[in-house]
Structure formats: C-alpha cells, structure tokens
A.B. asks: 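Handing you a structure now.
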Protein chains: 2
Amino acid sequence: MAPIIRDARTEDWPRIWPFWHWIAAAGETIAWDPDTESEQAERIWMAQPPVRVFVAEEGGRIVGSAQLRPNYGPISRVANATFLVDPECGGRGLGRRLAQHVLDAARGHGYRAMVFNAVVETNVGAVHLYHSMGFRTLATVPRAFDHPRLGPVGMHVMHLEL
Amino acid sequence: MAPIIRDARTEDWPRIWPFWHWIAAAGETIAWDPDTESEQAERIWMAQPPVRVFVAEEGGRIVGSAQLRPNYGPISRVANATFLVDPECGGRGLGRRLAQHVLDAARGHGYRAMVFNAVVETNVGAVHLYHSMGFRTLATVPRAFDHPRLGPVGMHVMHLEL
C-alpha cells in the first residue's frame with residue numbers, strides 16, 4: 001500500500017516519537033541528544049509556522065516524518081529539511097517519497113532552493129538519494145559529526161535549485 | 001575605552017534591541033524578518049543553554065552582542081555564532097574583539113571547529129574579518145540571500161578548526 005503523505009497533526013506525535021527516539025539514540029545521522037525525552041523532542045519536531053511538518057502514513061501507521069523550514073532565518077527563501085523514516089520500514093522508497101513531497105511543498109511556498117547544511121557523509125543512503133534527486137555537494141565540512149562507531153566524519157552541504 | 005565583553009543578562013535586552021532591530025530592518029546581513037517585534041526578537045536572541053549570549057559594554061553602553069551555539073544540533077561539537085555590532089560603533093574593531101572572545105569561549109566549551117553556514121558575500125567587512133582570523137570559505141551557496149539593493153547574492157560557508 002502506498003503511503004499517504006500529509007501535514008502532521010498534534011495527535012500524531014506519539015506515533016512519531018518511537019522512530020524519532022530510535023534515530024536520536026542511534027546517533028548516526030543527526031546530532032540530536034540521544035537522551036532527549038519525548039516532551040522536548042515534541043517541541044523540537046512539531047514546530048510552528050513557518051516550519052511545516054509532514055508524516056507518511058501507511059495502513060494507519062506513521063512510518064516517516066519530515067520537517068520543511070527556512071534555512072537561514074524566518075524570511076529566507078532557501079529551504080532546509082530533515083527526513084525521518086521508521087527504521088523498520090527502510091528500503092522501500094519512503095525517504096524518496098517524503099523528499100519528493102517536501103520538495104514540491106517547498107516549490108509551492110516559493111522557496112528558490114533547498115540546502116542541507118549537514119548531511120553526514122557516512123549516511124550513504126541519504127547522500128545517494130539526494131544526488132539522485134539532483135542535489136549537488138557544494139562542500140564537505142571536515143570532522144563535523146561524531147559518529148558513534150566511526151568517530152569524526154564529514155558533513156556535506158548539499159544544494160538544489162527549485 | 002576598551003569594551004568589556006561578558007555574558008548577557010536578561011536585563012540587557014532593552015539595550016541590545018535598538019541595534020538588533022536596526023540590523024534586522026536593514027536586511028543586508030541576516031535573514032531576520034525586518035518587522036520582528038522586540039518580544040519575539042528577545043526570544044530569538046536571548047536563548048537558553050547550550051546557547052551562550054555575550055555583550056560588549058563600553059562606558060555603560062552596550063555596543064555589540066554575540067551568540068554562540070552548537071551548529072548541527074544540541075550535541076554538535078561544531079560551533080556556530082552570530083555577531084552584532086551597533087552600527088553607530090562600527091569601524092573600531094568591536095567585531096574582531098567579540099569574535100575573538102567567542103572563539104575563546106568556543107574552545108573552552110570543547111567545540112572542535114566553528115562553522116558559519118551563511119555569511120552574506122556582500123558583507124565584505126565580516127568576510128574579511130573572518131578570513132583574517134583564519135576562517136576558510138568552503139563553499140558559496142549561490143543566490144541564497146535576498147539583498148534589499150543588490151538582489152540575490154551568495155552566502156559563504158566558512159570554517160575554522162579550533
């Protein structure tokens with residue numbers, strides 16, 4: 001069954017939190033505090049406009065979520081986004097569907113480009129996905145992320161004109 | 001008289017707001033909303049730990065302020081910072097003094113590097129200052145900032161190992 005992607009609602013949080021927590025605790029892709037509690041994570045993730053939050057829902061289950069926001073300040077016309085996929089639902093193209101949805105939403109908001117400031121270089125699935133969607137790596141910030149197994153690794157700045 | 005640089009206190013805000021507002025309204029260096037009201041600006045600027053906020057005080061007057069924060073999420077060991085100098089007090093090396101203080105504080109916190117994600121390329125004073133302190137431009141995000149007179153201009157990603 002293809003997922004439905006829609007705006008997140010407040011009541012979705014308890015179904016986002018399990019994989020939000022899993023991703024924070026794994027610490028391999030995002031510099032969130034692994035000890036973040038649900039309430040604080042909710043404040044971080046379920047943000048107010050101009051931030052938009054989406055969920056991917058599949059058979060009544062929330063299997064992914066994404067945040068779209070202005071990158072450089074509230075009036076920036078360059079967007080930034082974060083994508084989360086429930087690790088139990090990986091490898092099924094959910095990240096790509098979420099990303100396509102968010103890119104379309106960004107175009108609809110009049111953003112001129114999307115820039116990721118911090119794609120962990122060892123997160124090869126994400127790097128490959130973004131390249132396949134047309135993103136270009138502008139630079140790699142050396143040793144910018146502490147990978148729990150690999151130590152300090154680089155983070156890519158990636159750019160796509162919309 | 002040399003400025004004293006110290007941690008900001010809640011009661012400093014009314015003396016920061018005039019130049020915060022001036023810089024937001026000018027819209028030439030930071031993508032803040034020019035219509036931001038004082039209360040909202042205070043929430044943005046006078047942030048809680050792990051963010052640190054500094055002021056430069058000179059003869060009882062606050063002439064500059066700076067924010068130091070983790071760049072990529074609460075546990076990031078790469079720092080980010082923003083510097084504000086009262087435009088009436090420009091050209092006197094205040095930016096450099098603030099930046100030196102903040103770099104020292106960043107070292108003290110154990111940050112491994114400082115990265116600016118978004119230095120407006122036409123803000124040549126800042127670009128020159130950062131270069132003179134050892135920062136290197138890793139990339140320039142094209143057309144990433146809407147300058148009120150010059151239109152879309154690039155933003156530099158700048159990096160310094162600490």
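Order of the sequence lines fixes the chain letters, A, B, ..., with proteins taken first and strands second; residue numbering starts at 1 for each chain. Computed from a predicted model, the values in this text were never measured in an experiment.
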A.B. asks: Check whether A:Pro70 gets within reach of chain B through its side chain, its backbone, both or neither, counting any heavy atom under 4.5 Å.
C.D. replies: neither
A.B. asks: Could you check whether the rings of B:Tyr130 and B:Phe83 sit parallel, tilted or perpendicular, using 30° and 60° as the cut-offs?
C.D. replies: tilted
A.B. asks: Closer than 3.5 angstrom, by distance alone: can the side chain of B:Arg15 be matched with the main-chain N or O of B:Gly60 as a donor-acceptor pair?
C.D. replies: yes
A.B. asks: Using a cut-off of under 4.5 Å for heavy-atom pairs, which of A:Ala113, A:Ala118, A:Pro74 has the most such pairs with chain B?
C.D. replies: A:Pro74
A.B. asks: Is it the backbone or the side chain of B:Thr140 that comes under 4.5 Å from a heavy atom of chain A, or both, or neither?
C.D. replies: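 The backbone, not the side chain.
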A.B. asks: Which one wins on heavy-atom pair count under 4.5 Å against chain A: B:Arg112, B:Glu161, B:Arg77?
C.D. replies: B:Arg112
A.B. asks: Inspect the contact between A:Glu88 and A:Arg61 and indicate whether a charged nitrogen and a carboxylate oxygen are less than 4.0 angstrom apart.
C.D. replies: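 Salt bridge between A:Arg61 and A:Glu88, a charged N being under 4.0 Å from a carboxylate O: yes.
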A.B. asks: Can you spot which of A:Glu121, A:His159, A:His131 makes a side chain to side chain donor-acceptor pair (under 3.5 Å) with A:Thr137?
C.D. replies: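 Checked A:Glu121, A:His159, A:His131 against A:Thr137; only one passes side chain to side chain donor-acceptor pair (under 3.5 Å): A:His131.
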A.B. asks: Go through A:Pro34, A:Pro152, A:Gly27 and name the one with the most non-hydrogen pairs under 4.5 angstrom from chain B.
C.D. replies: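 Heavy-atom pairs under 4.5 Å are most numerous for A:Pro152.
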A.B. asks: Quick check on A:Val141 against chain B: is it the side chain, the backbone, both or neither that has a heavy atom closer than 4.5 Å?
C.D. replies: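 Both the backbone and the side chain of A:Val141 come within 4.5 Å of chain B.
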A.B. asks: Do the side chain of A:Ser76 and the main chain of A:Gly73 share a donor and acceptor less than 3.5 angstrom apart?
C.D. replies: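 No.
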A.B. asks: Please flag which part of A:Ala144 lies under 4.5 Å from any non-hydrogen atom of chain B: side chain, backbone, both or neither.
C.D. replies: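 Both backbone and side chain of A:Ala144 come within 4.5 Å of chain B.
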A.B. asks: Using a cut-off of 6.0 Å, state whether more than 12 heavy atoms not belonging to B:Glu39 lie near its atom CD.
C.D. replies: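 Open: at most 12 neighbouring heavy atoms sit under 6.0 Å from CD of B:Glu39.
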